[in-house]
Amino acid sequence: MTRAIVLAAGKGTRMKSVRSKVLHEICGRPMLWYVLRALRRAGISEILVVVNEELQAEIVRFDVESVLQSEQLGTGHAVRVALERLEPRAGGRVVVACGDMPLVTEEIFRGIVGSLDARDGDEAIMSLVTVKMPLPSYFGRIVRRGATVERIVEVSDATPAQLEIDEMNAGIYAFDEAALRDAVTRLRNENAQSEYYLTDTVAYFVDAGKRVRPVLAGDHLHVLGINDRVELARARKEMNARLCAQHMRDGVTIVDPDTTYLEPELEIGTDTVVYPNTTIARLSKVGTACVIGPNSRLSLAVLGDRVAVRESVVINSTIGSDVNVGPFAHLRDETHVSDRAHIGNFVEIKKSKLARRVKVSHLSYVGDATIGEGTNVGAGTITCNFDGVKKNQTIVGRDVSIGSNTSLVAPVEIGDGALTGAGSVVTKDVPPGERVAGNPARPLPKK
Ligand code: UD1
Ligand code: MG
């Protein structure tokens with residue numbers, strides 16, 4: 001079984017942040033989350049993350065083992081700290097990766113592990129991912145002699161001639177465990193950064209007559225190590241493009257992937273169309289044949305089929321099927337809207353349950369309310385749910401007609417089939433079938 005060490009204790013100084021570098025997010029997930037996912041998908045489940053103190057406080061979010069490197073003395077030192085934690089295993093293999101390369105793919109990890117396998121007696125004890133990259137670059141340079149890799153030279157130690165090399169060290173390696181344990185004890189920190197470089201293991205093995213196998217990665221973006229916020233933005237763009245491409249291949253129309261902001265772990269049904277300037281976040285689920293956007297945001301939203309959300313925001317709420325929302329509506333805080341309801345312009349709905357065919361078409365605030373099937377909430381209706389101390393409930397029955405500009409002063413209950421006249425201020429419960437109007441609202445004569 002292959003184990004993995006993920007290096008994530010670096011200071012990340014170039015981010016200029018109080019937060020640990022690998023916790024910075026792209027597309028709604030910390031960089032480290034993507035690296036761990038790719039490793040697990042490649043079948044590597046035993047993972048040890050090398051953390052600094054800030055990261056140690058947050059690593060529990062990731063459900064992974066960790067070890068503290070209290071002083072950041074370099075990547076070689078970090079691996080040594082990790083190996084001291086891992087029980088030695090005869091014939092074991094160790095993959096080393098960095099926590100700051102969120103675009104890495106499971107294929108890269110599969111490839112690097114596979115490449116250690118002996119081919120015709122041509123056994124390597126280390127393999128490393130290399131990549132061609134446009135210059136200038138801060139990546140370590142791969143120095144070859146003929147077809148074989150001889151050493152890795154860090155930028156700060158490189159000669160001008162070495163800086164011209166365009167083959168880089170991606171920072172992803174697989175090692176024979178015993179060989180790695182030996183090599184990390186031999187590292188010296190006599191270099192420009194006074195650090196113990198993991199990359200010096202290459203020269204150590206090669207000088208000992210051992211074989212180090214390079215595996216050339218196709219696209220340098222896949223191994224982009226994020227060091228500052230410019231690279232963070234570039235990585236986000238690439239990850240977002242991948243997420244959009246995946247949903248488009250699965251049958252979703254995304255009109256403009258450049259202005260559609262997705263996250264991993266979303267479900268979007270076939271024939272749904274996403275219009276520009278739209279964000280779909282945090283485990284949202286969208287059914288089939290929906291229209292989302294333009295200019296909309298869904299977060300923790302669950303939508304049925306044939307739902308339209310235009311120029312609107314839906315947060316932590318569920319919507320049934322055949323519902324229209326917007327333009328310019330805001331649904332939030334565990335709102336549940338049932339099938340065939342209609343939420344129109346400039347409507348805010350908070351922590352409320354709307355039954356089937358309810359209409360709230362214009363300029364309303366509905367908070368802490370339950371509204372029965374078929375009820376029409378007239379333009380400008382407001383639930384006065386807050387008495388200055390606590391939030392109070394409004395309960396409206398089925399087939400009720402709430403007149404325009406009604407104020408429903410909670411707690412209040414309106415019975416089935418009741419009616420409130422335009423401008424009513426309803427301070428007392430209205431029995432089923434009754435018609436009220438005025439301020440305060442009083443019963444109207446029976447028709
Ligand atoms: C490193 C490689 C370089 C490679 C590049 C790819 C070394 C010496 N250099 O350079 O050849 O091209 O990655 O991105 O390895 N870390 C620790 N503890 C430490 C130091 C670093 O955990 O004491 C972690 C960092 O958090 C980071 C990773 O190791 O995740 C790489 O460190 P970083 O400082 O970014 O190295 P680079 O200069 O990018
Ligand atoms: Mg780096």
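These figures come from a predicted structure and were not determined experimentally. Both ligands and their constituent atoms are indexed starting at 1 by order of listing.
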Does any N/O atom on G171 come nearer than 3.5 Å to any N/O atom on ligand 1?
-> no
Numbering as shown, the atoms of ligand 1 that approach Q69 to under 4.0 Å (heavy-atom distance) | 17 (C), 18 (N), 19 (C), 22 (O), 23 (O)
So is there a nitrogen or oxygen of G74 less than 3.5 Å from a nitrogen or oxygen in ligand 1?
-> yes
Relative to the heavy atoms of N227, which atoms of ligand 1 are at a distance of less than 4.0 Å?
-> 35 (O)
Does I152, backbone or side chain, put an N or O under 3.5 Å from an N or O of ligand 1?
-> no
May I ask you to check if ligand 1 and T75 share an N or O to N or O distance below 3.5 Å?
-> yes
For ligand 1, is there an N or O atom under 3.5 Å from any N or O atom of E71?
-> no
Report the part of A9 (side chain from C-beta onward, or backbone N, CA, C, O) that has a heavy atom under 4.0 Å from ligand 1; answer both or neither where that applies.
-> both
With D322, the salt bridge (charged side-chain N to carboxylate O under 4.0 Å, His left out) member among R357, R356, R306 = R306
Numbered atoms and elements of ligand 1 in range of Y197, under 4.0 angstrom, heavy atoms | 8 (C)
Structural part of E195 in contact with ligand 1, heavy atom criterion under 4.0 angstrom | neither
Would you check the N or O atoms of G140, main chain and side chain alike, for any that come under 3.5 Å of an N or O of ligand 1?
-> yes
